[in-house]
Amino acid sequence: MRLDTLNFIKRLNIFSILFLISFGILLNVSASSVEGLNLYGDNFYFIKRHLTAIIIGAILFNVLKNLKIDFIEKFSSVLMVAISGILFLVLTYGIVVGGSRRWIDLGVVNFQPSELAKPLIILWVAKQITTDLSNDSDIKKFIRSIFFPLLCSFLVLLEPDYGTFATICFILFSQIFFSKIKIIYPILTIFASIVPLYFAATSSEYRLSRIEAFKKCDYGIDLLGDCFQLHQSRIAISSGGLFGLGPGTSRARWGLLPNSYSDFISSIIGEEYGFFGLFLLVLAFFILISTSFLMAVREKNEIKKLISVGFGSWIFFQTVVNLGGAVGLIPITGIVLPFVSYGSSAMISIFIALGIMYSRDYE
């Protein structure tokens, strides 16, 4: 078998995902145990929910990958309208956690619709761009492709959730940029978006404080206030040295680093597995992202090509923002690390996208 075949690329892609999931389980057993005991009297409370999300996601992945892409794409319009309506309802009926109204209480679990919006937007954009209607110009395709995704991103911003808003925007314009639509349209849109994106980032007092914290934390200012999380994250990573303190020996998880099992799981990796552990993590993500784009390059089916681009862009953006935020290169946004961090809605949604990407071709 030639090493440049699509099948070999897919195997590398799946291998990197399996590594990240396995590493994430190992990390969450350690990082979430103290919080689970403090809040629910059960060391394994969070890891049980994490494993449940992986199992549900794996089932959905296997179902979707055995369906034909032309069957799945038939539901893109209905699903897009449905998720837009659900995101609107979240603003009214959603529950508030941490100052944001992002979740719907389903009794057993809190569901975050904005995460499910990501794979549905990827499917919607790919379908709209590749649909060949008579007398359908590039500008019509462009407007039709971005309307619902921009509506969803605006509703997400109102929750507020700037991190997910930025992720959706990045996915959207990556798909359009790599499509056959004339490049002038996405370029002009990016330039036109600079002012609105800046306003969205600075209009909230909470987001503005994070930006201000990002500017001053390198100077050792307000280490017990706005800079507390970043400061503790850096302490955790630096204490790990080259090979770390060892599995299950994290000190940051004992209340020193808030959200250690979700937003700051990479800090626990640095503490317990050191620079070597972080290197393996970055290498796994590099393989995952590069193989996703290589699949897009070698894919003959145009809609699946754009779905692979959307998936790779999603993983790339969240990985860069999460890892960058943990060390202070990027302002903290609360974005989880794909396949690794705790987060049931995020885990299931990313498996849905993966299943759509691996779905069967037209016959």
Side-chain angles (χ1 to χ4, degrees), residues 6 10 13 60-88 113-156 164-165 167-183 185-186 189 292-317 348-363:
L6 183 59
K10 287 183 176 180
N13 186 266
L60 291 173
F61 164 72
N62 280 283
V63 170
L64 289 169
K65 81 180 183 68
N66 287 302
L67 297 176
K68 296 177 186 176
I69 186 61
D70 57 335
F71 175 78
I72 297 174
E73 70 182 34
K74 290 178 182 177
F75 298 93
S76 62
S77 298
V78 174
L79 292 171
M80 199 70 248
V81 172
I83 195 63
S84 300
I86 293 171
L87 287 171
F88 179 77
S114 59
E115 289 293 339
L116 182 58
K118 296 174 187 176
L120 299 185
I121 286 172
I122 289 173
L123 177 63
W124 164 265
V125 174
K127 166 67 174 175
Q128 297 305 313
I129 290 177
T130 55
T131 298
D132 189 16
L133 300 177
S134 58
N135 300 320
D136 203 7
S137 63
D138 277 0
I139 187 64
K140 287 182 179 179
K141 282 186 178 181
F142 177 68
I143 294 173
R144 191 174 67 238
S145 300
I146 70 173
F147 177 76
F148 273 112
L150 289 182
L151 173 62
C152 289
S153 63
F154 177 71
L155 293 173
V156 168
T164 302
F165 164 77
T167 304
I168 292 173
C169 290
F170 187 82
I171 293 170
L172 171 61
F173 288 110
S174 294
Q175 285 184 283
I176 293 173
F177 187 82
F178 284 98
S179 72
K180 293 181 179 180
I181 289 179
K182 292 178 182 177
I183 198 171
Y185 298 123
T189 305
S292 296
F293 282 104
L294 283 173
M295 286 170 63
V297 170
R298 301 187 65 86
E299 184 62 65
K300 296 179 180 179
N301 189 318
E302 191 65 24
I303 187 171
K304 289 186 68 177
K305 181 191 294 289
L306 292 178
I307 289 170
S308 296
V309 168
F311 180 81
S313 302
W314 180 359
I315 303 297
F316 171 78
F317 185 82
I348 292 171
S349 297
I350 208 164
F351 267 113
I352 291 173
L354 188 67
I356 296 172
M357 185 173 73
Y358 274 88
S359 59
R360 292 163 56 194
D361 291 330
Y362 301 107
E363 290 185 354

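Remember, it's a predicted structure, so these values are computed and weren't measured experimentally.
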Within-4.5 Å side-chain heavy-atom neighbours: [X] and [Y]:
| X | Y | value |
| --- | --- | --- |
| Lys127 | Ser77 | no |
| Ser292 | Ser308 | no |
| Lys304 | Ser359 | yes |
| Leu172 | Gln175 | no |
| Leu306 | Val125 | no |
| Ser84 | Phe88 | no |
| Thr164 | Lys118 | yes |

On a heavy-atom basis, which atom in [X] and which in [Y] lie closest, and how many Å separate them?
| X | Y | answer |
| --- | --- | --- |
| Glu299 | Leu6 | OE1-CD2, 4.3 Å |
| Asn301 | Ile303 | OD1-CG2, 2.9 Å |
| Ile83 | Pro113 | CD1-O, 3.6 Å |
| Ile129 | Ser145 | CG1-OG, 3.3 Å |
| Ala126 | Thr130 | O-OG1, 2.6 Å |
| Leu354 | Phe311 | CD1-CZ, 3.7 Å |

Please lay out, stage by stage, how Ile348 and Leu116 fare under the test side chain to side chain contact (heavy atoms under 4.5 Å, CB included).
CA-CA 8 Å; Ile348 292 171; Leu116 182 58; over 6 Å; no
Side chain to side chain contact (heavy atoms under 4.5 Å, CB included) assessment of Met295 paired with Lys305:
CA-CA 7 Å; Met295 286 170 63; Lys305 181 191 294 289; over 6 Å; no
Point-to-point distance, once rounded to the nearest 0.5 Å, from [atom1] of [X] to [atom2] of [Y]:
| X | Y | atom1 | atom2 | result |
| --- | --- | --- | --- | --- |
| Ile72 | Leu67 | CD1 | CG | 5.0 Å |
| Met357 | Ile350 | CE | CD1 | 9.5 Å |
| Ile121 | Trp314 | CD1 | CH2 | 10.0 Å |
| Phe293 | Ile315 | CZ | CD1 | 10.0 Å |
| Tyr358 | Phe351 | OH | CZ | 11.5 Å |
| Glu73 | Leu79 | CD | CG | 12.0 Å |

Determine yes or no for a side-chain-to-main-chain donor-acceptor pair under 3.5 angstrom, with Arg144 supplying the side chain and Gln128 the backbone.
yes
Can any side-chain N or O of Ser313 pair as donor or acceptor with the backbone N or O of Ile171 at less than 3.5 Å?
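Looks like no, no N/O pair under 3.5 Å.
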Crowding at CZ, Phe61 (>12 non-hydrogen neighbours, <6.0 Å)
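Enclosed: over 12 neighbouring heavy atoms sit under 6.0 Å from CZ of Phe61.
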What do you reckon, is CZ of Phe177 surrounded by more than 12 foreign heavy atoms closer than 6.0 Å?
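It does not: Phe177 CZ has 12 such atoms or fewer within range.
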Relative to the ring of Phe148, is the ring of Trp124 parallel (under 30°), tilted (30 to 60°) or perpendicular (over 60°)?
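The rings of Trp124 and Phe148 stand perpendicular, inter-plane angle above 60°.
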